[in-house]
Amino acid sequence: MVSKRRRLDSEAKETETEDDPKIMKQPFSKLTKKSHDPREVEENGSVFVRLLKTSGLTLKTGENQNQLGVDQIIFQRKLFQALRKHPSYPKVIEEFVHGLESYTEDSDSLRNCLLSCERLQDEEASTGAFYSKSLIKLLLGIDILQPAIIKMLFEKVPQFLFENESSGGINMCRLIINQLKWLDRIVDSKDLTAQMMQLISVAPVNLQHDFITSLPEILGDSQHANVGKELRELLMQNTSLTVPILDVFSSLRLDPNFLSEIRRLVMGKLSSVRLEDLPVIVKFILHSVTDITSLEVISELREKLNVQHFILPSRIQASQSKLKSKGLASSSGNQENSDKDCVILVFDVIKSAIRYEKTISEAWIKAIERIESAAEHKALDVAMLLIIYSTSTQTKKGIEKVLRNKIQSGCIQEQLLDSTFSTHHLVLKDICPSILLLAQTLFHSQDQRIILFGSLLYKYAFKFFDTYCQQEVVGALVTHICSGNEAEVDTALDVLLELIVLNPSAMRLNAVFIKGILDYLENMSPQQIRKIFCILSTLAFSQQPGTSNHIQDEMHLVIRKQLSSTVFKYKLIGIIGAVTMAGIMAEDRSVPSNPTQGRAGLSREECTQVTSLLQLVHSCTEHSPWASSLYYDEFANLIQERKLAPKTLEWVGQTIFNDFQDAFVVDFCAVPEGDFPFPVKALYGLEEYSTQDGIVINLTPLFLREAAEDGSQGTSQESSQKSMSPLCLASHFRLLRLCVARQHNGNLDEIDGLLDCPLFLPDLEPGEKLESMSAKERSLMCSLTFLTFNWFREVVNAFCQQTSPEMKGKVLSRVKDLVELQEILEKYLAVIPDYVPPFANVDLDTLDRIPWSSSAISTKNRNKGKMAGRKQKADSKSSSTETLVTEDTSEYDMVPSGRSQVEKESTGKEGKTFVSLQNYRAFFRELDIEVFSVLHSGLVTKFILDTEMHTEATEVVQLGPAELLFLLEDLSQKLENVLTPSLAKRICFLKNKGNRNIGFSHLHQRSVQDIVHCVVQLLTPMCNHLENIHNYFQCLGAEDLSVDDKPRVNAQEHHTMSSCYQRLLQILHALFAWKGFTHRSNHHLLHSALEVLASRLKQTEQEQPLEELVSQSFSYLQNFHNYIPSFQCGLHLLRLLMALLEKSAVPTQKKERLASLAKQLLCRAWPHGEREKNTNFNDHLHDLLCIYLEHTDNVLKAIEEIAGVGVPELVNAPKEASSSTFPTLSRHTFVIFFRVMMAELEKTVKGLQAGTAADSQQVHEEKLLYWNMAVRDFSILINLMKVFDSYPVLHVCLKYGRRFVEAFLKQCMPLLDFSFRKHREDVLSLLETLQLNTRLLHHLCGHSKIHQDTRLTKHVPLLKKSLELLVCRVKAMLVLNNCREAFWLGTLKNRDLQGEEIVSQYPSSPESASEDSEDGITSHVSRSRAAKDGEDEASDGQKDQDSDESDDSSD
């Protein structure tokens, strides 16, 4: 007992010392025994003083401490015994207390009694204690004195309630209450509780806080419930006491229900509390969470916890910053800092809770995961996900999954992320490493939206965090750039470009990290190289005073070194870098669009630097047509993207104009010089020139001259001749027209003569003379055709936006010329399989695919002049070019154009060869997106252009089907390349990146939003063309004429129109399936596109909601299904409608309509030969059937209709015939139908929720009926393998049969457990039907083994395991329902698909009897049926273990 009291005394003293550090004047350890003046001792003769002195305590007067001469416990025992043995007991107690009251009427005496007593040195050394209780504390430890002394103390407290602290920092009220803490025993706890609560109710606010927080240290456990109720009432009356009361609640033993009530009370006031109270409130809420209530509490907390409400808006902060500058806002600034500290404390509380309570973190994740609407997400949600991600490694995967789902569903967008960082950047700054780790993980995703979110994390971390974090961000981005993943590289470079604009000064501090990227340029794409040099050039030429020029110097050194390299790949990098740097240096700063641009104009010195750099590039590239072409294209792109200073633009324009005119343009009257193998004359002119005026492009003479020079120089790769190569014609003209357009605000009148001028060419149409040409002549003619074709493509690019009718008519004429030249190219390429065309686009993507040459006449002629050491390389290039003719580009799902569909062919020595020009895309100049404005011209209605000719005649110009198809094919390829997401595959740095982006370099320099905007502007003319083509086929349908009944010319026209139809649908699908529409910034583009489609039905002036626009657009497009010309067009129409449904909030209403359209396509008899013409017909049929079954309202009914109606018609039809109900179902396509039906059946039953016993009777009946239909469909499908026993069908049965059985076990058997009693007959019938199907599956297993087909046998073990589980599960169900006698177990003999028994090789061995592991499952009701199959089943009830052994032995 003594040891316990000493421990409690120790705790009490420690608490007392902590609460009142200023009570004692000096540490006890420094007290020493000293002599006192006898006058300082209290010497009255009262019982109080006499008994204390007798017990060992001497009272002192003044400020001297009372002196305790014995141990504290001995003192209490002596005093207790003295009182008990006193003659006047119990009256002596009253006298003793009265004496104490009289003594403590003096404030100094009261203070001495409340302060600790002085210990004598001898006693201190003997006991080893360094503390001492006060007199009042010692007296409270005596039970017979405690009630009276407590009463006296509470009577003393009101005297000091409103007094200030004494000079010694002593507050008497606190000192009195401290005496009641940590008492060993409380005699009357109820009375003490009542007096404390009464005191709290009358005390001032500052003391109320102290009194309330002292309650757990004063009261016993028995009074916690009563105190809790009192405090709850006080909490409801006075919100200012919320913090101390909640703090006390966490220390009291209270009922969980009571705490839940308090939590709800506090939660209701959460939005109105003061910010400084918030940390304690949140701590109480989180500590009161249980496993059961965690999700509910956290959901309510995240809903009402609005930290953003407490943070001062930016406008107030801005106004305060202005006041601070005047010295008027110091208090406001302090308040702001205090608010920030409180916010940090709140999140510290949350972080502590989720770190040590797994339940809280899981509940918070679930609460965020349950939110479906983007509008309901808050900045707190994103902040909490990031905080939870940083606390534990176990939650990282879960947080990543939640974030991916939220990003893909559009719930977390850039605006919300911006708000998160701007509001909580002080909190998130501490977890910066975790945020960067998360961003790095998201960068590795294959979804572009997730990669974009990772880039935003980097961006905002750089924007809101400190210098160290900014350095880490730049380092991480540089790591991504050097990773080799193309998607990572592109996104990281875009982020760096944004950061330069966001904070250029901070980026300049990290320039040394960015310079390291220069070591990794070799394996980057041209667009990535442009971005890198743009970043470095912007940092180098930021025009900041005092900025070091070391970056500029290093840039110049690198560029000069690369330009002087003899390796073309490095020279290409040097050209791109030099042109990009020149563009940054010469950018027009008169209208500053970039914060890094500080000056208004370009100085003469800077202009000289730019011209010197461009002249250096020109001198390093003029001897190489490849390098020159790249230089011109790069410079053209620069002029198109940036606005150069007028001085620089004027110098460039004049230089380019003169060079082009001198190199390529001659007078019309000039006679071509040279020895030509064919007659050369001016062809493809659009005007009749006289002999005195007019110009001609001198193409053929220049080409033959360069070919002759190349042949004479042998292995030389660069010519010393300074004449321009004809291979640079198109690229040089592109630079020229962009310079002129930039100088004259888009007006090209200065060079409009190049649109209609002819070219010096031989007659390119081969005709009958093709077979008589030599290989060299064919190559020559083909090369000239390529050059002419690319010239016209660039001409169309230049003049397509001119507005005058004359120019529009000429552009249409050039488009017609392009279509004719395509047909000529096909003829030549068909007879020159080893031909390599002259290059048109020069970049790293095409570098490895194009042989090194400047003329590209013939591969064989070229290889003759090469050195022997290059033979292997030439052979590899020659072999790679052979694939250009034989390979087909499956990437674009191409439909052969009208010209190739009629199988145009040319016969040469090699025989017949069919050519797809898509394989030659790398050798064609790229059409700009503006070219498609030509689509505004009519297709069917002839548009008459009032073109004033020299002959004063009028010309009729229209966009015919062939020209329309030419444009639509190119537009479709562009959209598929840009809008269709490609998998972000990791590519090794030592390997090429493939050819996906070849031919789209100009397109990739424009933003996706810009491209989508251009396509939206084209929707009106495309809808016109779509309607006109639909009317064309509608007229054919009205005439009831088959394509086979028409002449060959009409078949050509029919196919061309059908191809145009399909291309239009593909373009619309690519547009509306673009994932970028989910971003809020692109909603206006989607709205504009839908408005165009909706306006085709009815014109409305009022703005309609998105849902209404989607509905009208869906109705407009579905009207085209009646006269779909081909199966492919129908599939693309359905895909387009599905893309529209994704934009709808209520797609269910239109799903059935979509299923109806799909069924109509399946039930339509397509023209004969549709399958033979299209190699992808089976894949398209698979997709169409999936669409039908996925969107129909009753999948089981649809499967039963196909398998029960269509397939029997097919079985009874002739071999080459098809089903009458489903004409697309034939013996060739049966496997596709069968596979899709089995897969959809398994998917459907797997998605059906397993029933529970708590469900209603009606729900049980509905699910039982559903499973009856599913098993019936499964039975129909499984029995089809008896008729169609090919490997694909059997493989589908094994694969999806096992999955169906597994789904039956998981989803249906729980339903049968509690449905058996009420629906016994239905359940037994269901099991009997399934049993028959499992026997067929057993026969299939035997068939697979006997035929030893490893492709099938690998599925057998898993299937047998599932069937055995089914046996055990059915037995368990019967036992559960007390019907064990209904279960009968037998073994099956191995049989083949026709039911014939498989004879064992060793029939005499009992262990080798051909028995399978499938056990017969029959019920008591169905035993009569089982008896009929006695020959199949053994009645001895042999266990399935024996059947397994026989199965193994038979193998």
Practice prompt. Report the residues that fulfil side chain to side chain donor-acceptor pair (under 3.5 Å) with T290, sequence neighbours left out, ordered by chain and then residue number.
Written response: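 Result, side chain to side chain donor-acceptor pair (under 3.5 Å) vs T290: T293.
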Quick one, [X] and [Y] - any side-chain contact, counting heavy atoms below 4.5 Å?
X     : Y     : answer
L1365 : V1301 : no
R263  : H287  : no
L265  : M236  : yes
I387  : I354  : yes

Got a sec: does the [atom1] of [X] have more than 12 other heavy atoms crowding it under 6.0 Å?
X     : atom1 : value
K1263 : NZ    : yes
K351  : NZ    : yes
E1107 : CD    : yes

Regarding [X] and [Y], does a basic nitrogen lie under 4.0 Å from an acidic carboxylate oxygen?
X     : Y     : value
K1306 : E1302 : no
K459  : D418  : no
D466  : K429  : no

Over all heavy atoms of both residues, which pair between [X] and [Y] is shortest? Give the atoms and the distance, please.
X    : Y    : value
I481 : V489 : O-CG2, 3.2 Å
V289 : I285 : CG2-O, 3.2 Å
K378 : E303 : NZ-O, 3.2 Å
L219 : H224 : O-NE2, 4.1 Å
H377 : C411 : CE1-CB, 3.5 Å
S455 : F443 : N-CE1, 3.3 Å

Working to the nearest 0.5 Å, report the span between [atom1] of [X] and [atom2] of [Y].
X    : Y    : atom1 : atom2 : answer
L437 : L442 : CG    : CG    : 9.5 Å
C432 : Q470 : SG    : CD    : 9.5 Å
I368 : M384 : CD1   : CE    : 7.0 Å
S390 : L438 : OG    : CG    : 10.5 Å
K229 : I262 : NZ    : CD1   : 11.5 Å

Worksheet item: Is the backbone of K401 close enough, under 3.5 Å, to the side chain of N405 for a donor and an acceptor to pair up by distance?
Response: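 Side chain of N405 to backbone of K401, a donor-acceptor pair under 3.5 Å: yes, one is there.
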Practice prompt. Indicate the ring-plane relationship of Y460 and F464, choosing parallel, tilted or perpendicular according to the 30° and 60° boundaries.
Written response: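 Ring orientation of Y460 relative to F464: tilted.
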Worksheet item: When the ring planes of F465 and F421 are compared, do they come out parallel, tilted or perpendicular, using 30° and 60° as the limits?
Response: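 Rings of F465 and F421: tilted, as their planes differ by 30° to 60°.
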